[in-house]
Amino acid sequence: MDWISVKEARQAESSGKKVVIKGWVRTRRDSKAGFSFLEINDGSSQGNLQVVAEASLANYKEEVLKLGAGCSVSIEGEIRPSPAKGQPTELAASAILVHGWADPVTYPMQKKGHTFEFLRSQAHLRPRTNTFGAVMRVRNQIANSVHSFFQERGFLYLNTPIITASDCEGAGQMFRVSTLDPEKPPRTPEGPIDHARDFFGKQAFLTVSGQLEGETHACALGKIYTFGPTFRAENSNTARHLAEFWMIEPEAAFYTLEDNMDLAEAFLKRIFKDVLDKCGEDMDFFAERIDKTVRATLEGIASSAFERVTYTDAIAILEKSVQTFEFPVKWGLDLQSEHERYLTEKHFQKPVILTDYPRDIKAFYMRQNDDGKTVRAMDVLVPRVGEIIGGSQREERLDVLLERMRECHLPEEPYWWYLDLRRYGTVPHAGFGLGFERVVQFVTGMANIRDVIPFPRVPGWAEF
RNA sequence: UCCCCGAUAGCUCAACGGUAGAGCGAGCGGCUGUUAACCGCUAGGUUCUAGGUUCGAAUCCUAGUCGGGGAGCCA
């Protein structure tokens, strides 16, 4: 007898097959006419399989009537068309094997709606809910699309280090990695902690970005992308920040900012299209229960061009708008959330790529424009989530880069290998970073980033 | 890290200085090819923690912890 998934068992074409399904009970409804309905889910799809369990089953009274949410079972039977509305097929059970019970008095996942706040405290069981099942299936599809998109375009998947010994990434506060005894670390004769005696012989940290390392391989293999965990020790308490998140960072030699924008736009569209094509049932769920606009938003984006605006033009738009802002709008100042949201949600009502920011508010490695004031930076803004991608064309001219590092008071020595890329066979190149969880958030409509990653890590919370 | 709000039954909440309640969930019973089923009954509490004010504190005050909304930092 074939073991098939609930997803397959729900297909009308499965009718007539004798099969086994394995999964977890979502609910049981009894009929005094002498049988029970069980709803079984195995994670393969949003929908459950309805099982009809007749009283003639050997263990009907002793076991079937005691099944409830959370119990695990294997069920043999025949798939047949369902006579009632609500499901195309159902399984007429001929045998039900109970693997594990779930005491209804203590099992936390009740047959009722739970708040996401409560479910976060039950992160080990929340994947058994409709919402988190859907989130994780969509998250998986997006990960699949990320790899497919880049592989099809000849990008090489590169694993940049998670532990980095250089404190020169500059993208944020870093977590320290050490094997020294925190109670009594070794000290130099002068008193400070002697990092030379730590595991790596110097201070080490968790990466905040693989970009600098990524550039080394782009400047050899042409096109690369990274997709891995990233860590920021910032004390951020918002619905769109995590201390541990997954980032995708493509980097490509001979790419200009225009190439970079084309890549970013095609990339996001591909992800959205794949989700719409392949996760229809889950997207129906999000549209119905989480955010009624998600489907239309994704469809709209997949079929229209992103708006491309320079920072300077964006400032002009904001200055002319009738909207009053809490923070000032002035050339040279960084845009605040409210400004970005106005541009993408109100003015353009679609994704916006802002480019050519003032150099003084952007990182040292971004390529300077001939105007001497701006750099080839780009931020992709989307409604509701805000900045989803940040990237730039990199400064490939050694003298310009060195001058800029001096202005930023950055020491040359730790960057010796980064500078070598400009000393030997330098090329124009560009790349960007995409927050994976922010994409999942945008696609699903989930309001809090903590609910689109299996085990969120945020200040004050590392349970599980 | 800053501003605002909150923490009471398994869950969501009410009680606003004077005997701690409801809905949902759960158990039992009834009804039904049911499907967020429905109807009845029952059980269920160290009111987040530590201090303080008061004859008396879930309620007022202080501190802490955690959560939510907004902001900053960013992806």
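Chain letters run A, B, ... following the sequence lines, proteins first and then strands; every chain starts at 1.
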Considering only atom P, compute the distance from B:rC5 to B:rC61 and round it to an integer number of Å. 11 Å
A:Q50 side chain, from C-beta outward: closest of B:rU34, B:rG69, B:rC73: B:rU34
When you compare the side chains of A:Y225 and A:Q151, does any donor N or O come within less than 3.5 Å of an acceptor on the partner? yes
Let's see if you can work this out: which of B:rG27, B:rG68, B:rU12 has an atom nearest to the side-chain heavy atoms of A:R120? B:rG68
Specify whether A:F432 and A:F267 have parallel, tilted or perpendicular ring planes, treating 30° as the upper limit for parallel and 60° as the lower limit for perpendicular. tilted
N/O (side chain, A:R450) to phosphate O (OP1/OP2, B:rG68) under 4.0 Å: yes
Would you mind reading off the distance between A:E117 atom CD and B:rG67 atom P, rounded to a whole angstrom? 10 Å
Given the P atoms of B:rA43 and B:rG21, what is the spacing between them in whole Å? 13 Å
Who are the ring pair (Phe, Tyr, Trp, His ring centres under 6.0 Å) partners of A:F118, not counting sequence neighbours? A:H114
Rounded C1' spacing from B:rA15 to B:rU59 in Å: 9 Å
When rounded to the nearest Å, what value does the distance between C1' atoms of B:rC73 and B:rG56 take? 49 Å
For the P atoms, the ones on B:rG40 and on B:rC24, what distance do you get once it is rounded to whole angstrom? 9 Å
What is the separation between atom CE on A:M109 and atom P on B:rA36, rounded to the nearest whole Å? 20 Å
Using the C1' atom as the reference point in each nucleotide, state the distance between B:rC41 and B:rU8 in Å, no decimals. 25 Å
Whole angstroms only, please: what is the CE-C1' distance between A:M247 and B:rC74? 10 Å
Under 4.0 Å: is that the gap between some side-chain N or O of A:S337 and OP1 or OP2 of B:rA71? no
B:rC38 -> Watson-Crick or G-U wobble partner, both distances under 3.5 Å, gives B:rG30
Whole angstroms only, please: what is the NZ-C1' distance between A:K362 and B:rC73? 12 Å
Is a donor-acceptor contact shorter than 3.5 angstrom present between the side chain of A:N237 and the base of B:rU1? yes
Please give, in whole Å, the distance from B:rC73 C1' to A:F245 CZ? 12 Å
Here the distance between atom P of B:rG72 and atom CD of A:E387, to the nearest Å, is 12 Å
A:E90 near the nucleic acid: base, sugar-phosphate alone, or nothing, with a heavy-atom cut-off under 4.0 Å? base
A:W461 vs A:I389, nearer the 5' end of RNA chain B by closest nucleotide: A:W461
Which is true for A:N48 with a 4.0 Å heavy-atom rule: it touches a base, it touches only sugar-phosphate, or it touches nothing? nothing
Just compare B:rU34, B:rA75, B:rA71 and give me whichever is closest to any side-chain atom of A:L242. B:rA75
Using Watson-Crick or G-U wobble geometry with both distances under 3.5 Å, which nucleotide pairs with B:rA71? B:rU1
Identify the nucleotide, in any strand shown, that forms a Watson-Crick or G-U wobble pair with B:rG6, with both distances under 3.5 Å; if there is none, say none. B:rC66
Would you mind telling me which residue lines up with the more 5' stretch of RNA chain B, A:G435 or A:N235, judged by nearest nucleotide? A:N235
Ring of A:F35 versus six-membered ring of B:rG33: centres under 5.5 Å and planes under 30°? no
Any idea how A:W246 and A:F227 line up, ring-wise: parallel (<30°), tilted (30 to 60°), or perpendicular (>60°)? perpendicular
For A:P83, answer base if it contacts any base atom (sugar-phosphate contacts may also be present), sugar-phosphate if it contacts only those atoms, and nothing otherwise; contact means non-hydrogen atoms under 4.0 Å. base
What's the closest nucleotide to the A:F37 side chain, out of B:rC74, B:rU35, B:rU34? B:rU34
Nearest whole angstrom, please: distance from the P of B:rA75 to the CD1 of A:I453. 16 Å
Ranking B:rA71, B:rC74, B:rU12 by distance to the side chain of A:T238, first place goes to B:rA71
Rounded distance in Å - OH (A:Y107) to P (B:rG27): 14 Å
One pair to check against side-chain hydrogen bond (donor to acceptor under 3.5 Å, both in side chains): A:Q50 and A:R29. What are the steps and the verdict? CA-CA 10 Å; A:Q50 174 162 287; A:R29 294 180 295 272; 3.2 Å; yes
A:E215 side chain to A:Y418 side chain, donor-acceptor N/O pair below 3.5 angstrom: yes
Mark yes or no for whether A:R438, through its side chain, and A:R240, through its backbone, hold a donor-acceptor pair below 3.5 Å. yes
A:I449 side chain, from C-beta outward: closest of B:rU12, B:rC74, B:rA75: B:rA75
Take atom C1' in B:rC13 and the same atom in B:rU54, then report the distance between them in whole Å. 29 Å
Ignoring the backbone of A:R80, work out which of B:rG68, B:rA71, B:rG33 is nearest its side chain. B:rG33
Paired nucleotide for B:rU19 [Watson-Crick or G-U wobble; both distances under 3.5 Å]: none
Going by the rule side chain to side chain contact (heavy atoms under 4.5 Å, CB included), which residues pair with A:Q368 if we only count those two or more places apart in sequence or in a different chain? A:R359, A:V375, A:E395, A:R397, A:V400, A:R404
Counting heavy atoms from C-beta on, name the nucleotide in B:rG33, B:rC73, B:rA71 closest to the side chain of A:H241. B:rC73
Between B:rG72, B:rG33, B:rC74, which one does the side chain of A:S236 approach most closely? B:rG72
What's the gap between B:rG64 and B:rA7 when it is taken at their C1' atoms, as a whole Å value? 14 Å
Which nucleotide in the set B:rA75, B:rU34, B:rG10 lies at the smallest distance from any side-chain heavy atom of A:Q110? B:rG10
Classify the side chain of A:Q87 versus the base of B:rU35 as yes if they form a donor-acceptor pair under 3.5 Å and no if they do not. yes
With side-chain hydrogen bond (donor to acceptor under 3.5 Å, both in side chains) as the criterion, how do A:Y255 and A:R394 come out once you've worked through the C-alpha distance, each side chain's angles and the decisive distance to 0.1 Å? CA-CA 9 Å; A:Y255 264 43; A:R394 320 305 188 189; over 6 Å; no
Report which part of the nucleic acid A:S82 touches: base, sugar-phosphate, or nothing (heavy-atom distance under 4.0 Å, all strands). base
